[in-house]
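Values below: every heavy atom of this structure, side chains too, minus hydrogens, waters and symmetry copies. Lettering follows sequence order; numbering is per chain, from 1.
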2 protein chains.
Amino acid sequence: MAAALQRGLQAEGFAVDLAHDGEQGLHQARHGDYDIVVLDIMLPRLSGYNVCKQLRAEENWVPILMLSAKDGEYDMADGLDLGADDYLTKPFSYVVLVARLRALLRRDAGRRPAVLTAGDLSLDPARRKVERAASPVELTPREFALLEYLMRRHDEVVSKAEILEHVWDTFDTDPNVVEVYVGYLRRKVDVPFGRNAIQTVRGAGYRLAGDGG
Amino acid sequence: MAAALQRGLQAEGFAVDLAHDGEQGLHQARHGDYDIVVLDIMLPRLSGYNVCKQLRAEENWVPILMLSAKDGEYDMADGLDLGADDYLTKPFSYVVLVARLRALLRRDAGRRPAVLTAGDLSLDPARRKVERAASPVELTPREFALLEYLMRRHDEVVSKAEILEHVWDTFDTDPNVVEVYVGYLRRKVDVPFGRNAIQTVRGAGYRLAGDGG
DNA sequence: CAGCCTTCTCAGCGAGGTCTCAGGTCAGGG
DNA sequence: CCCTGACCTGAGACCTCGCTGAGAAGGCTG
């Protein structure tokens, strides 16, 4: 049945990966950056039930649509309690499945956080969180705005005038304040990690290395 | 009354179908793909009570708002136990009805679990109950609304302006009132338990830690 | 009407963030 | 090798932001 679904969904325009047992599926879900997971309860090696539980325990919030036989050991309430986002019992209509998938994808499209990255440096504008090599970094609002601007233009050389305009919203301020804040940033995201992501381009401005320095 | 409601809601921009008895309503709910169902308890042929029960038994999770006379055979707890998502007793204000409908639609846009959690902090919107580490916490309506909003957006930084818009339904109020209520909340859900779930992000707003602080 | 609860305003305070300044360091050109 | 201009940085003044206690206003209940 999985193969049939795969062909059908691919014809629908989805890109589909298939896992043949729970362990493989869990591994793929962890590392594959999927938009959605379709999870059968009855799986070899590790039940869909446990795959779902495990993913949620790891704070992986990928949308999950569960499938199960009607009289299975687990019922819909269990599935939803475990953190599944939707649930279908066999036999289900293929059309219904696709409709539910689209609904889940639509729902999630709006919430998907746009996280900026440069090497092992990441910045999440919505959560206002910055991480270097998976450890959190605390920034003040001004520092955060500056880093966000540099990351949005990573690999480009950005002049102090541009920075003043976009981060400070002025143009006739002493550019030294930019130098000062670049210094603050370096001491928080580069120096403690032995990196050099924020580079000075003498006479031109600064460049944030796209590979994180 | 049903016809009056239909006209009012249509004026409000909703598309409304009307059923004249329980059996017809059940049939329409089954096949109509509605965003929400408003269900009177007292119906000819099949009570609203039984319509709700039947739909849930069929694993139809369309949001249901129940209406009933004040001293009816069934009370609010019965309705909620049956799987209704919200409940109004007659006489009710039309404005309140619309507000609840919108709240249900909004809530269901994410088909989230009925109970919001963040670590050992939990909030049940339907039952208006909050618990920290399994012990109940008493909140005023305003405090509850604020916590609910923060929990729906846990881990995100939420600005005072957003909070004012969604919890106070204004945008040009002195943001200090938010600070005051955040203070109240902390003294009820964080301080007595030695937690720090509600974090200040200076210059940006507040963040409710997803793991409960 | 009295008492209680809730909401909201206000003003003071203290921590933390921003920015200026001056002196130090460094790169590049003559 | 020295000069010059660009950049870096430590120190500190200033001031904004957020927290809090006090209390007024309004509503609900008994």
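At the phosphate of D:dT16, neither OP1 nor OP2 sits under 4.0 Å from any side-chain N or O atom of B:Arg202. At D:dC17, none of the side-chain N or O atoms of B:Thr200 fall inside 4.0 Å of OP1 or OP2 (strictly under the cut-off). For D:dA6, the OP1/OP2 oxygens have no side-chain nitrogen or oxygen of A:Lys160 closer than 4.0 Å. OP1 or OP2 of D:dA6 has not a single side-chain nitrogen or oxygen of A:Tyr206 nearer than 4.0 Å. Considering only side-chain N and O atoms, A:Arg186 lies nowhere under 4.0 angstrom from the phosphate OP1 or OP2 of D:dC7. For C:dC8, one of the phosphate oxygens OP1 or OP2 lies less than 4.0 angstrom from a side-chain nitrogen or oxygen of B:Trp168.
Atom P of nucleotide C:dT18 and atom CZ of A:Phe144 are separated by 13 Å, given to the nearest angstrom. Look at CD1 on A:Ile198: it is 11 Å from P on D:dT9, rounded to the nearest Å. Between the CG atom of A:Asn196 and the P atom of D:dC8 there is a distance of 11 Å, given to the nearest Å.
Salt bridge status for A:Lys188 with A:Glu143: present, with a side-chain N to carboxylate O gap under 4.0 Å. At a threshold of 4.0 Å, the pair B:Arg207-B:Asp155 does not count as salt-bridged, since none of the basic side-chain nitrogens sits closer than that to a carboxylate oxygen. Salt-bridge formation is not detected for the pair B:Glu156/A:Arg128: no Lys NZ or Arg NE/NH1/NH2 atom is positioned less than 4.0 Å from an Asp or Glu carboxylate oxygen.
Residue B:Val182 is out of contact with every strand shown, counting any heavy-atom pair closer than 4.0 Å. Among the heavy atoms of the strands, none lies under 4.0 Å from B:Pro175.
With hydrogens and angles left out, the side chain of B:Tyr184 and the base of D:dC19 share no donor-acceptor pair within 3.5 Å.
Residues B:Asn176 and A:Thr140 both approach DNA chain C. Their nearest nucleotides, taken by heavy-atom distance, put B:Asn176 toward the 5′ side.
The number of heavy atoms from other shown groups lying within 6.0 Å of CZ (B:Arg45) does not exceed 12.
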